[in-house]
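Heavy atoms only: backbone and side chains are in, while hydrogens, waters and symmetry mates are out.
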Amino acid sequence: MADSAAERDIRALLDGGWSPSVALRVVERDAPPCPERLNDLRPMLADWLRLAGSRPAVRDRTVRFALRVCPAPRTAGELAVFARSTPVLLDALAGARDEDRHDLLAVLEAVAPELTAAGRPVVVAAIRALRPAPATPGRSTLTLLRGLGAVLVRTDLDRALASARLGADPRRAGTAVLREAFAVPEPATAGMSAEARAWRSALDATVRDPGALEEFRRRDDGTVGSRDRLNALIEVHHGAAPDVRAALLDWMTALQPLDAPPWTIVESARTPTPPPRQVHVDDLDQPRSAALHERLLDMLESTRPERRETAALALARWPEPEARLPVLRAFLRGRVGIPVGADLARALDAVGEEELRGDDILRDRVALVASKLDPWALEPLVPLLLEWWEQAPPTAGAVIGHALRAYPVDALARALGDRLDAGAWGFLDLLLGRGLLRTPALTRTCRRLRAEGCDELADRLLLVDGPLRDPDADPRDEAASAALRARAAAAPAGAPRRRSRRELLDLARTGTPEQMGRALTELVEAHAGPAPDEDPGLRDLLAELLTHPRVGVRLRAHRTSRTMLDRRTHLGHTMLLLDDPRPDVTRAAIRTLCHAGWEPAIPAVTALLAHPHPVVRRTAAEGLAGMGEAAIPALRRAAAHARPDRRSLYTDVLDRIGRSGPYGNTRDPSGSDMRRPGIDRSPRGD
């Protein structure tokens, strides 16, 4: 009878929707549902956690039930739900049973990257306030504290060792805690040197007497490497006398400070530092200033090519468009020959068409710069490039043609419409062999080509039909048209009708990319401001559009977030762009987050130091260096866990932060102020 009642309650939740009273009956039953029924209840995870927060009397039991409903592995959405319910999890953890404590700690470890910078200290304090409880080998609170960005102290280590001694295998658990605390892997016995084995044997004879250990440490001449000594101290710690263990820990922390990467060892601490560099007034790596800007501009006008190149390379790295514009003008006139990237190419917007038509401008260089732009950013230059392509010699024509082929082919076909109608078949070279959406104009062009005997050109003009419409498209179109006509009839005569907010949100979610862009533009225009929009539906929609396949939609959604939402939510949306498939979007997201000093993004930006694209790696390094001391813990953790051949990715940035001085968190690697007002480093593009 009880089983049938439990099944009825579960079916009521699944079929009738959430009901707190029914859910309480399910939680309070002694026998939990079968795994299949628990999996059916998994989509209601947020409801179970809300119930736990609203009913303190059954909070622990409800949290335990939620963990059974949603076991590992968990999706990103489920981890976000757990992250929003962190206060409930911490309340349950304070009085949790030993068997539930490990599950709660595992959940908190998984959601630690999702927590805000303001929320992490609360979790750290709660973890440090826990009573010692039996620990399992391979899991301690040290992992969670590091994941929350806390700097480990001796008290954290002592508490973790106390928990390890309460477990079923205290020796194994305690050794695992020490290896995790000091980042010492399990050594291969066969790989130990004879000196290391002899040192270990001598140490074993001293760990029962504090005086003997002190004498042994005093006589230690350091011939055995610190990593071998640290490993030996960890191995003998559990078997040592209780009054010797503290001395062993003191020795370990002297060899390897807590929460420092493995290369911070006693040998490197004795390495002499190089003398400081002598600073000269004409150094070009000084902090950005008006005086340095003028000096570089004077060098850019020098008669010596090498001085012009040096100045151009320096100014091209400045973030301000007004600094890069003279470099671009010098490049277009052939005075410098530096590599051109997307940042320098974007300054082309400030060069007018009249200037580009000047006699001293090299047209092939204009085309080279244009080819670095986003495809849709080429639109204002297409008429000029087509005119140049028609008149250019073969060498320059190839470069101009490459730039034109970077423009979307269907839009290029529309731009060539008048020329093709006039029979200028030479322009077909820009379209041949590329899939073109079939249009009446292109169909007429194919027909004229065949009529004039140009069958080969007609065959190479590849026309493709648009996407097929599904069978239900016509009824939907008729219903939509009828609804539009009805609303138009109800509107006052002659008054333009503005779409409702709900219609704009629906269009932004389900329309074509062009419709999405127009809907987002109308939402921005309707935003009263300056207070942020509090609609959670808009916030979720923009987060969804930030993963859209079209880069233009992603960037338009990001700009809408910047305009309409609060700073915290906008920067959280910007973090989604760190995983963008386009390196230029990822770089812009890094600059936005690091310029804003957004500390929750530090771990994700640190991970980008291993990005396959070198420009992304360089931008991440510059951004972290600009964050200064706030980025040091994440860089140290990444360096401690990185492979030896990749460790320099993180240590190089740490060195740059160390050289920047106590104000490194507000200066870039060259010492310049990265937080000057008025500089917009957010992603651009349509």
For residues 603-617, which residue pairs qualify under side chain to side chain donor-acceptor pair (under 3.5 Å), counting only residues two or more places apart or in two chains?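 Counting only pairs at least two positions apart or across chains, no side chain to side chain donor-acceptor pair (under 3.5 Å) contact touches residues 603-617.
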Pairs involving residues 34-49, ordered by first then second residue, that meet side chain to side chain donor-acceptor pair (under 3.5 Å) (sequence neighbours left out):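 Pairs touching residues 34-49 that pass the test: E7-R37, R37-D40, R42-E78, D47-R50.
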Give a yes or no on whether the backbone of [Y] and the side-chain of [X] come within a donor-acceptor separation of less than 3.5 Å.
X	Y	value
R146	L152	no
T86	A83	yes
E180	T143	yes
D540	G537	no
S54	L51	yes
R74	L79	no
S561	A557	no

Considering only NZ, NE, NH1 and NH2 on the basic side and carboxylate oxygens on the acidic side, decide whether D645 and R643 come within less than 4.0 Å.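 Yes.
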Modelled atom types, side-chain donor and acceptor of T141 and R128, under 3.5 Å: no
Between the side chains of T574 and H558, is a donor N or O closer than 3.5 angstrom to an acceptor N or O? yes
Can you tell which of T586, D584, D580 makes a side chain to side chain donor-acceptor pair (under 3.5 Å) with R582? D584
Hey, what do you get for [atom1] ([X]) to [atom2] ([Y]), rounding to the nearest 0.5 Å?
X	Y	atom1	atom2	answer
L654	L624	CG	CG	9.5 Å
R568	T116	CZ	OG1	4.5 Å
R646	S648	CZ	OG	9.0 Å

Any chance you could lay out the side chain to side chain contact (heavy atoms under 4.5 Å, CB included) test for R618 and V615, step after step, and finish with the verdict? CA-CA 5 Å; R618 184 167 61 250; V615 180; 3.8 Å; yes
R61: what forms a side-chain hydrogen bond (donor to acceptor under 3.5 Å, both in side chains) with it, not counting sequence neighbours?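 For R61 the side-chain hydrogen bond (donor to acceptor under 3.5 Å, both in side chains) partners, ignoring immediate neighbours, are D30.
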With side chain to side chain contact (heavy atoms under 4.5 Å, CB included) as the test, pick out the partner of H573 among T569, L577, L571. T569
